[in-house]
Amino acid sequence: MGMDINTKKLKKNAFRVSKERGIGASRIRVPGGYLDAKILGMVQEIAETYGNGYVHLTTRQGFEIEGIHLEDMEQINQKLQPIIEMLEINQTDPNTGYPASGTRNISACIGNNVCPFANYNTAKLAKRIEKEVFPNDLHFKIACTGCSNDCAKVRMHDFGIIGMTLPQYDPGRCVNCQACVKGCKSLSVNALRVENYKIVRDEEKCIGCGVCITKCPTRALTRSKKKYYKLTIMGRSGKKNPRLGEDFLVWADEDNIVKIICNTYRFVEKYISPSAPARKEHVGYIIDRVGFEEYKKWALEGVELLPETIVKECVYWSGIHFD
Amino acid sequence: MGYQFTKAEAERMFEKWGSQYDVFAPKLMEGEGCFSDTDVVRYGKVTSLDEIVWDRKSDYSLKEVLLAINETLFYFTEDKTTVPEGPQKDILIFLRSCDLCAVQRLDEIYLKNGYEDFYYARVRKRVKFILMGCKTSCASGFCVSMGTNQARQYDAYVKVDNTQKVVYADIKDKVLKAFVEGGKEIEVTPDYVTENVEKVNLPKNLSNKSFENTIWQEYGDRCIGCGRCNFACPTCTCFTMQDIFYKENAKVGERRRVWASCQVDGYTDMAGGHSYRKTQGERLRFKVMHKIYDFEKRFGYPMCVGCGRCDDICPEYISFSNCVNRLTKEEAEHEK
Ligand code: HEM
Ligand code: SF4
Ligand code: SF4
Ligand code: SF4
Ligand code: SF4
Ligand code: SF4
């Protein structure tokens, strides 16, 4: 009997058509790359029951279970149900697997669960964004990284969220050891100097990485109570014009970043090319077409930024042009 | 005299103390730790018993109340100097047994070692100490080894019961006792630990040969010279001087004394650029010897009170207590 499968539906359901006829792969999204280890056992079970026993760890921190038979998709969706629930993925109907795949898994570096450099809990923010944007068929790539080291390579994403902290300085606790100055110079951007035995921070230069704070032996330098973020936009890899994302907002807050991302979905709905195959036109290319000014209007709709947030008037991207 | 108070009675007494004294105690400084979403416990002014951190040793010691990190000694104009006022209110400090013993070390250096230090003395004279007991040993402390586990020279002892409903106190000081209202008179003895997890044996007969001990090079290679061990230590007393000429008018300024650390670059720098202890190993040797050997030779008891803060705070996991035990062990082996 011939195989009659709607491949469009299959892809939307987070399965993949493989190069081998009748065989596909099942993709599991793990927001923030953060999961209860029990899920590993569940993935193993699916891979050994329905797949060829192998799993690919995807570049976006998901699992791709290889070698599954396309006729098993329904059963696999049943098996995916507890995983979907444990990871709190938004779903339309239980036991039917993932309702979309266009908006990719929100990836993240390990963040402040572990990393001493991190300025926030990246997995938590990734989950929050996932909750806001998924399911959606539009092709968005979003990533969170704990600090300016950008281990998550967020500048290669449509939206990159980089954790920042605004150093708080108590001169009364400062002993002029200059560990902060040396730290900022050797590990960061050399934004600190000493004046009259006290520390002066060049506010224009400081990238809010927090290195100085971790170096300070007396807690003269501490983190700001507010958590700040840099939002980089429209980085991408790919065929036509790969490029790094550029700063859009600096010293921004979490709520407004989430708002801007949601606004961008509306912008894409409005401007996406009607001829885009499978509604797959990257948002960066749409902005290239429509112009940054127009995008900015949509992005900042209803957004009340903090007074300290710096908004880039205009954003220019470079990158390599193959088109 | 010992008392049992209800929590409300104790808070009322505390409030009255607060009207008379600035009360300093270990406080949770939320989000002020080294890393994101971490806290630090250090001394600050408190206005209620609930603000005090009872269940965890402070990361930084009580020293900063007695000995300001930055102390302006005087301001100068072209023809005058002005000494800033000292504290305007009497002071109460909540602290643990090892820390109370540390005060004896601070006094030794700042009051009894030749001249009485004016700045230290004017704070110290206003201070009364309230002991917080230790029901169980902290993980890193070795107060029992150092004989600092049972400090008795407190002005009062206060303990909030686990249930948070009852407060026990032993109030020795007459002035503090005058604030007592209500409560039941009972026998109260402070919680003192009699055994620690960490046990430290001090070396007794080190020779100059210990200068060549490879231990110093080994730890020195690991030490980053950050000074945390000194800044957190309740018995480190070193300071350096800073003369500040104000930017707007360089004929006006101030002289400050500021905490110094023997591990941090600059400590032994001299006019002309000479420096005595260049390597971290030499600095570590100096610190360890000062804490457990040299101070004792001069004053008859070791400087270190075994609070364990230096171990807890070292980012390179250098353990002072391990280091001392290794020295002692090697000494014993040499003597065999
Ligand atoms: C044999 C003769 C000398 C010896 C053994 C000697 C020893 C020392 C020592 C041990 C210190 C360090 C004190 C400390 O920081 O605790 C010191 C500091 C100092 N000495 Fe001398 N010294 C001698 C001669 C002189 C002379 C002749 C002068 C001036 C002409 C002088 C000027 C100073 C100054 C200005 C300091 C302070 C340097 C600083 O803290 O940066 N010394 N000396
Ligand atoms: S990006 Fe920053 S926070 Fe994230 S793992 Fe790298 S260093 Fe740590
Ligand atoms: S937060 Fe600013 S001042 Fe501190 S190390 Fe980073 S760039 Fe330098
Ligand atoms: S590291 Fe801290 S104590 Fe040292 S100079 Fe910088 S702010 Fe001051
Ligand atoms: S040397 Fe370490 S253990 Fe001893 S008093 Fe100082 S901080 Fe405490
Ligand atoms: S805290 Fe550790 S690394 Fe820092 S100076 Fe002390 S021993 Fe060295």
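We name chains A, B, ... by the order of the sequence lines, and we start the count at 1 in each one.
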**Heavy atoms from other residues, nucleotides or ligands near CD of A:E304 exceed 12 (cutoff 6.0 Å)** = no
**Fill in**
Taken to the nearest 0.5 Å, the spacing of A:Y120 OH from B:D37 CG works out to 12.0 Å
**Prompt:** Pick from B:G31, B:G33, B:S261: which one has the most heavy-atom pairs with chain A under 4.5 Å?
**Reply:** B:G33
**Item:** Heavy atoms from other residues, nucleotides or ligands near NZ of A:K225 exceed 12 (cutoff 6.0 Å)
**Value:** yes
**Heavy-atom contact with chain A under 4.5 Å, split by part of B:E64** = side chain
**Prompt:** Which heavy-atom pair separates A:A118 from B:S36 by the least distance, and what is that distance?
**Reply:** O-CB, 3.0 Å
**Request:** Quick one: which of A:N176, A:L221, A:T214, A:N121 has the most heavy-atom pairs under 4.5 Å with chain B, could you say?
**Result:** A:T214
**Asked** Of the backbone (N, CA, C, O) and the side chain (C-beta and beyond), which part of B:F239 lies under 4.5 Å from a heavy atom of chain A, both, or neither?
**Response** neither
**Prompt:** Does a sphere of radius 6.0 Å around CD in A:E308 hold more than 12 heavy atoms from other residues, nucleotides or ligands, not counting ones at 6.0 Å or beyond?
**Reply:** yes
**Prompt:** Is it true that atom NZ of A:K38 has more than 12 heavy atoms of other residues, nucleotides or ligands lying nearer than 6.0 Å?
**Reply:** no
**Any side-chain heavy-atom pair of A:K198 and B:N70 under 4.5 Å** = yes
**Message:** Are more than 12 heavy atoms, taken from residues, nucleotides or ligands other than A:Y34, located less than 6.0 Å from that residue's OH atom?
**Reply:** no
**Asked** Less than 4.5 Å apart, any side-chain heavy atom of A:E195 and any of B:K247?
**Response** yes
**Request:** Using non-hydrogen atoms and a 4.5 Å limit, figure out which bit of B:D59 sits close to chain A: side chain, backbone, both or neither.
**Result:** neither
**Asked** Rounded to the nearest 0.5 Å, how far does CG of A:N196 lie from CZ of B:R256?
**Response** 7.0 Å
**Message:** Just checking A:K124: does its NZ atom have more than 12 heavy atoms from other residues, nucleotides or ligands closer to it than 6.0 angstrom?
**Reply:** no
**Item:** Separation between CD of B:Q263 and SG of A:C177, rounded to the nearest 0.5 Å
**Value:** 13.0 Å
**Request:** Report the C-alpha separation of A:V175 and B:F231 in whole Å, then their side-chain angles, then the decisive distance to 0.1 Å, and conclude whether the side chain to side chain contact (heavy atoms under 4.5 Å, CB included) test is met.
**Result:** CA-CA 9 Å; A:V175 297; B:F231 299 133; 3.6 Å; yes
**Prompt:** If you count heavy-atom pairs under 4.5 Å between each of B:V258, B:I244, B:T38 and chain A, which one has the most?
**Reply:** B:I244
**Asked** Can you tell me how far the NZ atom of A:K215 sits from the CZ atom of B:R228, to the nearest 0.5 Å?
**Response** 8.0 Å
**Request:** Among the options A:A179, A:C216, A:G172, A:S224, pick out the one with the most heavy-atom pairs lying under 4.5 Å from chain B.
**Result:** A:G172
